[in-house]
Amino acid sequence: MHSENDRLVRSEHLNHHGTLFAGTVASWFVETCFTAAARLVGRTDSVVCLKIHGLRFDMPCHPGDLFKIEARVAYVGRTSIRVHGRAYRNSETRAVTEGFVTFVTVDENGTKMEHGAKLPPPKDDYESVLRSQAEAIR
């Protein structure tokens, strides 16, 4: 499962340096990764964010930049789903930001529950590498 999200960097998204605020990026990032996890499970009401792993910011974004986030499920446990996200600015091929987000599925009381989702075989070598990296996260 995967998800994509495009955003236009506007003045209200900036920090005191005049570049895209990391908190805004984290929010957009988690939302896009959440969408991939929820699509895999087939519902949104039971998926919650547990942890953000290694969200790294490699280049700044400025007002007017187009910010694209791509997310794909990289690991599936009994109750957990780990999603890899990567973001780009404009039409560049080097990632601006990337990292993993772990979600868990919970019942109406907030107790972890099994989701029953399965991850299809990897489509390519890149996806195989992401899965290995996701499995190594503890």
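All values below come from the heavy atoms of this structure, side chains included, with hydrogens, waters and symmetry mates left out. Along the sequence shown, the residues carry numbers beginning at 1.
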Colleague: Between Thr79 and Met113, does the side chain to side chain contact (heavy atoms under 4.5 Å, CB included) criterion hold? Intermediate values first, please.
Modeller: CA-CA 6 Å; Thr79 63; Met113 67 175 196; 5.7 Å; no
Colleague: Looking at every heavy atom in both Val47 and Thr105, which two are closest together, and how far apart are they?
Modeller: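 Reported closest heavy-atom pair: CG2-CG2, 4.1 Å.
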Colleague: From Asn109 CG over to Thr111 OG1, what is the distance, rounded to the nearest 0.5 angstrom?
Modeller: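 Spacing of CG (Asn109) from OG1 (Thr111) equals 5.5 Å.
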Colleague: State the OH-CD distance between Tyr75 and Glu135, to the nearest 0.5 angstrom.
Modeller: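 One gets 7.0 Å once the value is rounded to the nearest 0.5 Å.
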Colleague: Distance only, no hydrogens: is a donor on one side chain within 3.5 Å (strictly under) of an acceptor on the other, for Gln133 and His84?
Modeller: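 Result is no, nothing qualifies.
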Colleague: With a 4.5 Å heavy-atom cut-off, do Ser80 and His115 have their side chains touching?
Modeller: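 No, side chains not in contact.
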Colleague: Any side-chain heavy atom of Ile69 within less than 4.5 Å of one from Phe29?
Modeller: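 Yes, their side chains come closer than 4.5 Å.
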Colleague: Hey, quick one: are Leu40 and Val30 part of the same hydrophobic cluster, counting side-chain heavy atoms closer than 4.5 Å, chains of contacts allowed?
Modeller: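 As far as the 4.5 Å side-chain criterion goes, Val30 and Leu40 are connected within one cluster.
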Colleague: Is Arg72 paired with Glu4 through a side-chain N to carboxylate O contact shorter than 4.0 Å?
Modeller: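 Answer for the salt bridge query: no.
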Colleague: Could you state whether Val83 and Trp28 fall into the same hydrophobic cluster, counting links through intermediate Ile, Leu, Val, Met, Phe, Trp or Tyr residues with side-chain heavy atoms under 4.5 angstrom apart?
Modeller: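 Yes; Trp28 is reachable from Val83 via cluster members.
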Colleague: Is Glu12 salt-bridged to Arg10, going by a charged N under 4.0 Å from an acidic O?
Modeller: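 Looking at Arg10 together with Glu12, the answer is yes, because their closest N to O distance falls below 4.0 Å.
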Colleague: So Leu66 and Asp6, do their side chains get closer than 4.5 Å, heavy atoms only?
Modeller: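 No, side chains not in contact.
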Colleague: Please name the pair of heavy atoms, one in Val101 and one in Cys33, separated by the smallest distance, quoted to 0.1 Å.
Modeller: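 Taking Val101 first and Cys33 second, the nearest heavy atoms are CG2-SG, 4.0 Å.
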Colleague: Counting N and O atoms only, with roles assigned by atom type, does the side chain of Arg89 sit under 3.5 Å from a partner on the main chain of Pro60, one being a donor and the other an acceptor?
Modeller: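 Yes: the side chain of Arg89 pairs with the backbone of Pro60.
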Colleague: Flag the pair Thr35 / Asn5 as yes when at least one side-chain heavy-atom distance between them is below 4.5 Å, and no otherwise.
Modeller: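 No, too far: nothing below the 4.5 Å cut-off.
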Colleague: Are Thr102 and Ile81 close enough that some pair of their side-chain heavy atoms sits under 4.5 Å apart?
Modeller: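 No. Closest side-chain heavy atoms not under 4.5 Å.
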Colleague: Could you tell me whether the side chain of Phe103 reaches within less than 4.5 Å of the side chain of Arg82, counting heavy atoms only?
Modeller: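 Heavy-atom side-chain distance check fails, nothing below 4.5 Å.
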Colleague: What pair of heavy atoms forms the shortest contact from Val96 to Met59, and how long is it?
Modeller: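 What the structure gives for the nearest pair is CG1-O, 3.1 Å.
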Colleague: So, taking the atom named CZ in Phe34 and the one named CZ in Arg39, what distance separates them when rounded to the nearest 0.5 Å?
Modeller: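 So the CZ of Phe34 and the CZ of Arg39 are separated by 11.0 Å.
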Colleague: Do Leu8 and Phe67 make a side-chain contact, defined as non-hydrogen atoms from C-beta onward lying under 4.5 Å apart?
Modeller: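 Leu8 does not reach Phe67 side chain to side chain.
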Colleague: Between Arg131 and Glu127, is the closest basic N to carboxylate O distance under 4.0 Å?
Modeller: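 So Glu127 pairs with Arg131 through a salt bridge.
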Colleague: With a 4.5 Å limit on heavy-atom distance, are the side chains of Ser46 and Val41 in contact?
Modeller: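 They are in contact (side-chain heavy atoms under 4.5 Å apart), so the answer is yes.
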Colleague: For Leu20 and Asn15, what are the C-alpha separation, side-chain angles and deciding distance, and is it a side chain to side chain contact (heavy atoms under 4.5 Å, CB included)?
Modeller: CA-CA 6 Å; Leu20 182 57; Asn15 60 26; over 6 Å; no
Colleague: Where do Glu92 and Lys68 land on the salt bridge (Lys or Arg N to Asp or Glu O under 4.0 Å) test, with the steps shown first?
Modeller: CA-CA 10 Å; Glu92 296 173 9; Lys68 179 180 188 152; over 6 Å; no
Colleague: Mind listing the closest non-hydrogen atom pair of Ile52 and Leu55 along with its distance?
Modeller: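 Ile52 and Leu55 have their closest heavy atoms at CG2-CB, 3.8 Å.
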Colleague: With distance as the sole criterion, is a donor-acceptor pair present between the side chains of Ser128 and Asp124 under 3.5 Å?
Modeller: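 Note: Ser128 and Asp124 side chains miss the donor-acceptor criterion.
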Colleague: Looking at Ala38 and Thr44, what are the two nearest heavy atoms and their distance?
Modeller: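 It is CB-CG2, 4.0 Å.
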Colleague: Might you confirm whether atom CG of Asp58 has over 12 heavy atoms from other residues, nucleotides or ligands at distances under 6.0 Å?
Modeller: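 Correct, the count exceeds 12.
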Colleague: Taking all non-hydrogen atoms of both residues into account, name the closest pair between Phe100 and Ala134 and its distance.
Modeller: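 Scanning both residues, the minimum pair turns out to be CE2-CB, 3.7 Å.
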Colleague: Does Glu70 come within less than 4.0 Å of Arg86, counting only side-chain N to carboxylate O?
Modeller: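 So Glu70 does not pair with Arg86 through a salt bridge.
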Colleague: Return the CZ to SG distance between Phe21 and Cys61, rounded to the nearest 0.5 Å.
Modeller: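 Those atoms lie 14.5 Å apart.
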Colleague: Consider only side-chain heavy atoms of I, L, V, M, F, W and Y, link residues closer than 4.5 Å, and tell whether Val76 and Val104 are in one cluster.
Modeller: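 No, because Val76 and Val104 fall into different hydrophobic clusters, even though each may have its own neighbours under 4.5 Å.
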